[in-house]
Amino acid sequence: MPDRPPEPDAGEGLPTATVTLKPKRARPFFGRHPWVLDSAVLEVAGDPADGAVVDLATHDGQFVARGLWNPTSRIRVRLYAFDPATRLDADFWRGRLEAAVGLRRALGLDDRTAAARLVNSEGDDLSGLIVDRYGDYLAVQVTALAMSHRLEQICDTLESLVAPRGILLRGAERGLSKLEGLHLPDRLLRGTAPAGPVFVEEHGLRFGVDLAEGQKTGYYLDQRDNRQAAARHARGRRMLDMFCYSGGFSVACAVTGHAASVLAVDSSAKATALARANADLNGAARVTVETADAFEKLDALAAAGERFGMIVLDPPKFARSRATLDDALRAYHRINRVALGLLEPGGILVTCSCSGSVSRDDFLEMLAGVSQRARRPLQILECRGAGPDHPVSASCLEGEYLKCVIARVP
Ligand code: SAH
């Protein structure tokens, strides 16, 4: 049995220590921003255990908020409640999970045959917790130490709310886990694991999701509605789906959108195998799948004088932090520039960025630069983000990471 850390607030959910802020550092937290960085902390009164409940106070002793302590992370305290009467006990976590699942039900996104994000971290006031539903299974991703201490009660609540066949724990990105001092290998938390891919419906299409080994929690749920939006522009076009992963855009454009043909490219052979399987599952014979590096493939297509009526660019996160922003913007510029050259007149570019540190304005400015350099105008038709099962807290706009711009070259 893997070691399970003790659940530090199994009792009352009341603070065991007070974290005092440096003078003039309280403002974001009165504005309900949930991340208290180590650099804002003046001192800690008490000796809180990892993941324990603590109060946050101004330097002159005024209560600000209640949260959970992590001595390892740069995010020293994650805040969950902003009034001193709220206990962070089992009922509290249950209430937050019920609210999150309730929202998906209200949105009509809690369908047992489909996939949806049930809990979106800060967007659901549950900083550090992600829960995705794939049919009868749940995939849980924990990005905060304090949430890992509460996994048992989180699973109890999820079982009672949605009765899944199994709950799987999927590790967070390696870098993130290290920052939080988290060591959580993938494992089955409850019930049974699926024997093979889990099949889910998305806007009338079917996709197999590899819950055990797939990227993220198995699938790019955040692009669900953008795949459908892209498909609306695909009719009769020759389409290139660059960074295709399991083929979501390709299948939507080929089947729903009636593209003339689709070339789907990803550098991961596992990804292209999934894309092939999903194309076959939906009878999308017009999809050709190729394993190749996107930068090389784009250059090769340009050198060969190929032309497309539609190109989707959905690269992985190029910027890990603000520090790598310039490099990331250069990489976005490069692929978009080549893609623009590959588009025939009237062609459609669906271009995405999932780097949180690249803002919407940065991304649009990059596109303006590409258009200027290429001496080709770009008409922006749609500026999109993740679907409504990925809510973003207005107090934590860092959660608004996905940009998906649909543009046309006249
Ligand atoms: N569009 C996909 C999600 C793409 S995620 C969907 O809708 O599901 C980004 C993908 O880029 C990953 O599958 C990853 O394997 C791939 N990738 C990363 N670096 C790459 C590179 N240099 N060339 C091609 N593909 C790359």
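The analysis underlying the following values was restricted to heavy atoms, covering all of them including side chains, and did not include hydrogens, waters or symmetry mates. Both counts, for ligands and for their atoms, begin at 1 and track the order of listing. Residue numbers run from 1 in the order of the sequence given.
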Open item on the list: I'd like to know if R96 pairs up with D124 as an ion pair, taking the criterion as any Lys NZ or Arg NE/NH1/NH2 lying under 4.0 Å from an Asp or Glu carboxylate oxygen.
Closed with: no
Open item on the list: Contact between ligand 1 and C354 is defined here as a heavy atom of the residue under 4.0 Å from a ligand atom; is it met?
Closed with: no
- [ ] For D293, take its heavy atoms, then give the atoms of ligand 1 lying under 4.0 Å from any of them.
- [x] 21 (C), 22 (N), 23 (N)
Open item on the list: Suppose I only count heavy atoms of P316 and a 4.0 Å limit; which atoms of ligand 1 are within that range?
Closed with: 9 (C), 11 (O), 18 (C), 19 (N)
- [ ] Determine, for D222 against K216, whether the closest basic-nitrogen to carboxylate-oxygen distance falls under 4.0 angstrom.
- [x] yes
Task: pair P391-R117: side-chain heavy atoms closer than 4.5 Å - done: no
Task: Residues R190, E152: salt bridge by 4.0 Å N-O rule - done: yes
Task: Region of C352 that comes within reach of ligand 1 [heavy atoms, distance under 4.0 Å] - done: neither
Open item on the list: Give the atom numbers and elements of ligand 1 that come within less than 4.0 Å of a heavy atom of Y245.
Closed with: 2 (C), 3 (C), 4 (C), 8 (O), 13 (O)
Open item on the list: Geometry only, no angles: is F243 polar-contacting ligand 1 at N/O separations under 3.5 Å?
Closed with: yes
Open item on the list: Under a 3.5 Å threshold, yes or no: a donor from one side chain and an acceptor from the other, between T86 and Y80?
Closed with: no
TODO: Could you tell me the residue and atom name of the protein heavy atom closest to atom 20 (C) of ligand 1, and the distance to it rounded to 0.1 Å?
DONE: S267 OG, 3.2 Å
Open item on the list: Can you name the atoms of ligand 1, numbered from 1 with element, that are less than 4.0 Å from a heavy atom of S268?
Closed with: 15 (O)
Open item on the list: A294 versus ligand 1: do any nitrogen or oxygen atoms come within less than 3.5 Å of each other?
Closed with: yes
Task: Aromatic ring proximity, centroids under 6.0 angstrom, F207 and F199 - done: no
TODO: Would you check if there is a donor-acceptor pair between the side chains of R408 and Q379 at a distance under 3.5 Å?
DONE: yes
Open item on the list: I'd like to check which ligand 1 atoms, numbered from 1 as shown, lie under 4.0 Å from a non-hydrogen atom of A292.
Closed with: 23 (N), 24 (C)
Task: E296 heavy atom under 4.0 Å from ligand 1 - done: no
